[in-house]
Amino acid sequence: MSDHEQQQPAPRRGKVLEALARAERKVFTRPAPKSAKSQVKFLLTRTKESAKDLAKRLGTSRRTVERYRAGKLTTPQKRLRAALMEETESEWQPQVRAQAREQAATSSGMMVRVVAHFGFTASGSSDDGRVRHVLTEISPTYAKQILELQEAGATEEDLHPIVAKAITESYFTDWGSRCDGLVAHFTDVQSIEFEF
């Protein structure tokens, strides 16, 4: 069995989780390693030089990891390239990322730009849902909840209600000054971006 046949498919993250990861990447002060060899070398420092552990994280063989470290292989297949980039960026500049998350959770909150289908319920009646383009600020309270859920390994389905509640509070109810009791639900997320 070849190395390529042993590879498992890379897990796909949902749009909200991917948007949170992109927001973290925007706060990096230096670019992450780009070549497969430099990414593998960096990730090996994070796994205490264990090619076996890194291979497991990437869904490939230990031998493949060793070949990239030695420079014998230079161009990974699409799935491995995506896994290398995702793992590298998830480990890159943890202190910078932690500072941005802490600031969002305690003082500044986050901005969210979303295009999704929003439906509403309020005081026993409902409004027909529709696709809306929303750009709004999320309070530090909700930012903290969202980031804590992400850190705890929440799924896309776990994050949708809290993100919808945060958007409802800031955008639809104007921080509680109108539409008392309004509950918004969002589905069919077409695009979403967060900014710390």
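For the numbers below, each heavy atom of this structure counts, side chains included, while hydrogens, waters and symmetry mates do not. These numbers were taken from a predicted model, which means no experiment stands behind them. One is the number of the first residue; the rest follow in order along the sequence.
Looking only at distances, a side-chain donor or acceptor of Thr45 sits under 3.5 Å from a matching main-chain atom of Phe42. In this structure a side-chain-to-backbone donor-acceptor pair under 3.5 Å is missing from Arg81 to Thr75. Looking at Glu91, its side chain never comes within 3.5 Å of a backbone N or O of Leu43 through a donor-acceptor pair. Listed for the Ser170 side chain is a donor-acceptor partner under 3.5 Å among the backbone atoms of Glu137. At least one donor-acceptor pair closer than 3.5 Å links the side chain of Arg97 to the backbone N or O of Ser90. Without hydrogens or angle criteria, Thr168 side chain to Val183 main chain gives no donor-acceptor distance under 3.5 Å.
Closest approach of Leu149 and Asp158 over heavy atoms only: CD1-O, 4.1 Å. When all heavy atoms of Ala184 and Ala164 are compared, the closest pair comes out as O-CB, 3.5 Å. Here the shortest heavy-atom pairing between Lys15 and Ile192 reads O-CG2, 3.4 Å. Nearest heavy-atom pair, Val27 versus Phe196, reported as atom, atom and distance to 0.1 Å: CG1-CD1, 4.1 Å. The two atoms that bring Ala143 and Ala104 nearest to each other are CB-O, 3.5 Å, heavy atoms only. When every heavy atom of His133 is checked against every heavy atom of Tyr171, the shortest pair comes out as O-OH, 4.4 Å.
Comment: Glu151 engages Arg101 in a salt bridge, judged by a side-chain N to carboxylate O separation of less than 4.0 angstrom. Contact check on Glu49 versus Arg69 returns a salt bridge, with a Lys/Arg side-chain nitrogen under 4.0 Å from an Asp/Glu carboxylate oxygen. Ion pairing between Arg22 and Glu193 holds under the 4.0 Å rule for side-chain N and carboxylate O. Looking at Glu66 and Lys72, no side-chain N of the basic residue comes within less than 4.0 Å of a carboxylate O on the acidic one, giving no salt bridge. Between Arg25 and Glu18 there is a salt bridge, since at least one side-chain N of the basic residue sits less than 4.0 Å from a carboxylate O of the acidic one.
A donor atom on one side chain and an acceptor atom on the other are found under 3.5 Å apart for Ser35 and Ser38.
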**Asked** Given Thr47 and Ser50, is the side chain to side chain donor-acceptor pair (under 3.5 Å) satisfied, shown in steps?
**Response** CA-CA 6 Å; Thr47 59; Ser50 172; 5.4 Å; no
**Asked** Can you list the steps and then say if Phe194 with Val16 is a side-chain contact (heavy atoms from CB on, under 4.5 Å)?
**Response** CA-CA 9 Å; Phe194 290 99; Val16 174; 4.0 Å; yes
**Asked** Stepwise, does the side-chain contact (heavy atoms from CB on, under 4.5 Å) test hold for Arg30 with Val96?
**Response** CA-CA 10 Å; Arg30 295 180 313 166; Val96 171; over 6 Å; no
**Item:** side-chain contact (heavy atoms from CB on, under 4.5 Å) evaluation trace for Leu58 with Tyr68
**Value:** CA-CA 13 Å; Leu58 296 173; Tyr68 279 105; over 6 Å; no
**Asked** Do Thr141 and Gln145 pass the side-chain contact (heavy atoms from CB on, under 4.5 Å) test, and can you show the C-alpha distance, the side-chain angles, and the key distance before you say yes or no?
**Response** CA-CA 7 Å; Thr141 305; Gln145 291 175 8; 4.1 Å; yes
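For the pair Trp92/Pro33, a side-chain contact is recorded, criterion being any heavy-atom separation below 4.5 Å from C-beta on. Within the 4.5 Å cutoff, no side-chain heavy atoms of Val163 are placed close to those of Val114. Lys48 has its side chain out of reach of Asp53: every pair of non-hydrogen atoms, C-beta onward, lies at least 4.5 Å apart.
The distance from atom NZ of Lys144 to atom CD1 of Ile162, rounded to the nearest 0.5 Å, is 12.5 Å. Rounded to the nearest 0.5 angstrom, Lys37 NZ and Thr74 OG1 are separated by 10.0 Å. To the nearest 0.5 Å, atoms CE (Met110) and CD1 (Ile138) are separated by 4.5 Å. Atom CG of residue Leu84 and atom NZ of residue Lys34 lie 12.5 Å apart, to the nearest 0.5 angstrom. If you take CZ on Arg57 and NZ on Lys52, they are separated by 15.5 Å, rounding to the nearest 0.5 Å. Note that OG1 of Thr88 and CZ of Arg46 are 10.0 Å apart. Values are rounded to the nearest 0.5 Å.
The aromatic rings of Phe186 and Phe118 sit parallel, their planes meeting at an angle under 30°, below the 60° perpendicular limit.
For Arg62, the CZ atom counts as loosely surrounded, since its 6.0 Å shell holds 12 or fewer non-hydrogen atoms of other residues, nucleotides or ligands. More than 12 heavy atoms of other residues, nucleotides or ligands lie within 6.0 Å of NZ in Lys26, so this atom counts as buried by the packing criterion.
By the side chain to side chain contact (heavy atoms under 4.5 Å, CB included) test, Leu17 is found to be paired with Arg13, Gln150, Glu156, Leu159, residues two or more places apart in sequence or in another chain being considered.
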